[in-house]
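Take a look at the structure below.
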Amino acid sequence: MNRNRKRKIKRNLKKIVLVFIFFLGIGWIIKNKYYDFKLEKIIEEIVPFGEIDYLQKEVGISDLEALANKNSKIKKIMENKESYPEVLLEMLSRNLDMLDYVDDYLDNKGQVFDNTIGNVTKGEYPLLLQYDKKWGYGIYGDEVMAINGCGPTSMAIIIAGLTGRNDITPYDIANYAFNNGYYQGGTSWSFFVKGIKKYGVIGTELPLSKSRMMAELESGHPIICSMGKGYFTTTGHLITIVGVKNGEFIVKDPNSKERSSKLWSYEKIANQIRNIWSFQVA
């Protein structure tokens, strides 16, 4: 190979390397600009209203520091983050709808502000949230309802729809479960068969079966699912399924307005379900 050809090959290799570095840099810029844009879009929706009543954005917990620069409530929380349970901050990072709840957490922890769930119509299942300020600061086991209360809140949704009663709150159920041995670091599964008899409701454990779940729901029997890691939780969680629409499940997730606004197919969530119970009036 002559010297001129070697030089030409070297020049071409340098050009290829420079082009590669150029596009790598462009990719890095686009990625970071998109990341900044994502945060800006979240902040734009937060700041004009001063609160986040209907936002349900998923961001990493580290992003709370970035959001703190442009939102006074998040800034106050992050300046005192050692005063909050770490799990509560993690929940906030995944569910910004909790911001007002967390903002008032230090003042209200341990307090319960209401003994009803509001207006209820028999046959309709209200979306009750475990972090609702009415009961979300109440203590259940070793933490507040907002952290530990998915089981009692799910059960309150079902009791309200099956019976039409509005005087059984998530905190009432949590209190009963705890005082009667159904709390074991969370709500014991046995509560959904034995414990709920107190409320005039029969609970039946179901197999993981699409046809069986559909049949129960079409018979007017709402369902509670214990969920493993996936769309609804990073560890463990309980949700209600209250009906079927267009062949998909109508979900009431006590920890998310956003997830409760969507329909969910059996195929999408089946591999995350750990246990299932259906319910009917005794």
Side-chain angles (χ1 to χ4, degrees), residues 53 97-98 100-101 104-105 107-184 186-205 216-217 219-226 237-243 250-257 259-261 276-282:
D53 286 339
D97 185 54
M98 292 183 66
D100 283 343
Y101 172 91
D104 290 335
Y105 170 84
D107 293 329
N108 294 335
K109 181 182 178 182
Q111 299 186 63
V112 176
F113 295 101
D114 212 329
N115 58 5
T116 75
I117 61 173
N119 295 328
V120 170
T121 301
K122 186 175 180 179
E124 297 180 5
Y125 297 89
L127 174 59
L128 305 179
L129 298 167
Q130 61 199 75
Y131 57 88
D132 190 310
K133 290 184 178 183
K134 295 175 183 177
W135 48 74
Y137 299 111
I139 303 298
Y140 179 37
D142 56 353
E143 267 301 351
V144 291
M145 286 286 293
I147 295 173
N148 286 345
C150 58
T153 309
S154 293
M155 200 66 247
I157 292 170
I158 285 177
I159 292 171
L162 285 177
T163 70
R165 294 182 61 177
N166 74 342
D167 59 339
I168 300 174
T169 71
Y171 183 71
D172 292 330
I173 297 172
N175 225 14
Y176 176 78
F178 182 79
N179 291 332
N180 288 274
Y182 293 109
Y183 179 85
Q184 298 174 359
T187 305
S188 169
W189 285 1
S190 63
F191 176 77
F192 302 111
V193 176
K194 298 177 180 178
I196 51 88
K197 292 178 181 178
K198 168 184 168 59
Y199 302 102
V201 174
I202 297 172
T204 303
E205 190 170 353
E216 292 290 328
L217 293 166
S219 297
H221 303 161
I223 287 171
I224 284 180
C225 290
S226 174
H237 187 45
L238 290 153
I239 63 171
T240 64
I241 302 176
V242 300
I250 301 170
V251 168
K252 303 287 183 180
D253 179 351
N255 198 36
S256 173
K257 291 178 181 177
R259 289 190 290 272
S260 299
S261 69
I276 313 169
W277 303 266
S278 71
F279 301 90
Q280 57 186 301
V281 176

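Everything quoted here is computed from the prediction, not taken from an experiment.
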Exercise for the section: Look at the rings of Y176 and Y199 and say which category their plane angle falls in: under 30° parallel, 30 to 60° tilted, over 60° perpendicular. Expected result: perpendicular

Practice task
Find out whether T153 and Y140 are in side-chain contact, i.e. whether some heavy atom of one side chain is under 4.5 Å from a heavy atom of the other.
Solution key: no

Exercise for the section: State, yes or no, whether a side-chain contact exists between I241 and C225 at a heavy-atom distance under 4.5 Å. Expected result: yes

Problem - For D253 against L129, the heavy-atom pair lying closest together - result: O-CD2, 4.0 Å

Exercise for the section: Find out whether W277 and L238 are in side-chain contact, i.e. whether some heavy atom of one side chain is under 4.5 Å from a heavy atom of the other. Expected result: yes

Practice task
Using a cut-off of 6.0 Å, state whether more than 12 heavy atoms not belonging to N119 lie near its atom CG.
Solution key: no

Handout entry: Minimum heavy-atom distance G110-I139, with the two atoms named
Key = CA-CG1, 4.0 Å

Practice task
Indicate the atoms forming the closest heavy-atom contact of L217 with P222, along with that distance.
Solution key: CD2-CA, 4.1 Å

Completion exercise
Looking only at heavy atoms, the pair that brings Y125 and G220 closest together is OH-O, 4.0 Å

Problem - Partner set under side chain to side chain donor-acceptor pair (under 3.5 Å) for Y183, not counting sequence neighbours - result: D142, N148

Practice task
Determine yes or no for a side-chain-to-main-chain donor-acceptor pair under 3.5 angstrom, with S219 supplying the side chain and H221 the backbone.
Solution key: no

Handout entry: Note, M155 side chain near I196 side chain (heavy atom, < 4.5 Å)
Key = yes

Problem - Closest heavy-atom pair and its distance - I117, R165 - result: CD1-O, 4.2 Å

Problem - Minimal non-hydrogen separation, P152 against P170, with atom names - result: CB-O, 3.3 Å

Handout entry: Pairwise distance OH(Y182) to OG1(T187) - rounded to 0.5 angstrom
Key = 12.0 Å

Practice task
Quick one: list whatever passes salt bridge (charged side-chain N to carboxylate O under 4.0 Å, His left out) with K133, sequence neighbours left out.
Solution key: D104

Practice task
For the residue pair Y137 and Y105, categorise the inter-ring angle as parallel (less than 30°), tilted (30 to 60°) or perpendicular (more than 60°).
Solution key: tilted

